Amino acid sequence: MKPCKIIEHIVLFKIKPNAETSAVKAMVSNLNGLTSLDPVLHLTAGPLARTRSSSSLTFTHMLHSRYGSLPDLTSYTEHPAHVSAVVNYVTPVIDDIMAVDWVSDFTGSITVQPGSAVRVTLLKLKEGLGESVKNEVLRVLEGIRYEFPSIEQLNVGENFSHGRAKGFSIASLAVLKGMSELEAVNWESDLAKVREFLDDEVVLDYVVRSAQSATL
């Protein structure tokens, strides 16, 4: 299959401790409803299965979507349905938000199947490091796919949306068949190779929900 360029879009949410359960469900349902918008190639939103950070950053929910171009991503973010979902359902229930976007050379299925497990790794590099260090970090992340045959997709890149990224500049997204396959792999030793260059790292695990459960 010929590689193509896609944009990976990740948004992380931290729900307020006192948020009503019904309001959180409404947020998730309305975010998942955006999958019907024309620019969207794939979209899923829901609670995180696990989150780990080397700092105090914590998140409870994630949205992952894919686009064929930057204009498509812009069209999505400016769409009235997206603006309405953010204003009416997201903003009232969250304490914090973070977003990253990157371009990836992609092969495989654009749509991630329900039940699949997704691991997102976000890295914040120390200031003043050169291009060679950044390229080494990217190389280490990209090499993970060759260590674990159970990884169905692994997309790595540099964040280009800096406004809500909290200084995180490198991201990767791995897709595996399910949580059991995800729990069977451990690339901690790979991250250890580059940890001296990092100010922070966030690792998030997420299970793609079916269309029906995504609206519950």
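Owing to the predicted nature of the structure, the values given are computational and were not obtained by experimental measurement. Just the heavy atoms: all of them, side chains too, but no hydrogens, waters or symmetry mates, feed the values below.
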Exercise. Considering only heavy atoms from C-beta outward, does the side chain of T74 approach that of D72 to under 4.5 Å?
Worked result: no

Problem set entry | For S53, all residues meeting side chain to side chain donor-acceptor pair (under 3.5 Å), sequence neighbours excluded |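 So S53 forms a side chain to side chain donor-acceptor pair (under 3.5 Å) with S55.
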
For this session: Only counting residues at least two apart or in another chain, list the ones meeting side chain to side chain donor-acceptor pair (under 3.5 Å) with S161.
Result: D101

Note: [X]-[Y] ion pair, threshold 4.0 Å (strictly below):
{"X": "R195", "Y": "E201", "value": "yes"}
{"X": "R164", "Y": "D96", "value": "no"}
{"X": "K177", "Y": "E152", "value": "no"}
{"X": "R139", "Y": "E136", "value": "yes"}
{"X": "K134", "Y": "E158", "value": "yes"}
{"X": "R50", "Y": "D205", "value": "yes"}

Exercise. Does anything in residues 152-172 pair up under ring-ring contact (aromatic ring centres under 6.0 Å, His included), and if so which pairs, sequence neighbours excluded?
Worked result: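 Every candidate ring-ring contact (aromatic ring centres under 6.0 Å, His included) pair involving residues 152-172 fails, so no pair, neighbours aside, qualifies.
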
Seminar exercise, completed: The reported gap from OG in S104 to CD in Q153 (rounded to nearest 0.5 angstrom) is 9.0 Å

For this session: Treat each ILVMFWY residue as a node, draw an edge where side-chain heavy atoms are under 4.5 Å apart, and state whether I151 and L191 are in one component.
Result: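 The answer is yes; both residues are in one hydrophobic cluster.
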
Exercise. Between L12 and L204, does a side-chain contact (heavy atoms from CB on, under 4.5 Å) hold up when you go through it step by step?
Worked result: CA-CA 10 Å; L12 303 173; L204 312 117; 3.8 Å; yes

Problem set entry | Given I15, V11, L48, D95, the one that forms side-chain contact (heavy atoms from CB on, under 4.5 Å) with F59 | L48

Exercise. Honestly, is R119 close enough over W187, meaning NZ or CZ under 6.0 Å from the six-membered ring centre and within 45° of the axis?
Worked result: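 Yes, cation above the ring, under 6.0 Å and within 45°.
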
Exercise. Which of parallel (below 30°), tilted (30 to 60°) and perpendicular (above 60°) describes H9 and Y76?
Worked result: perpendicular

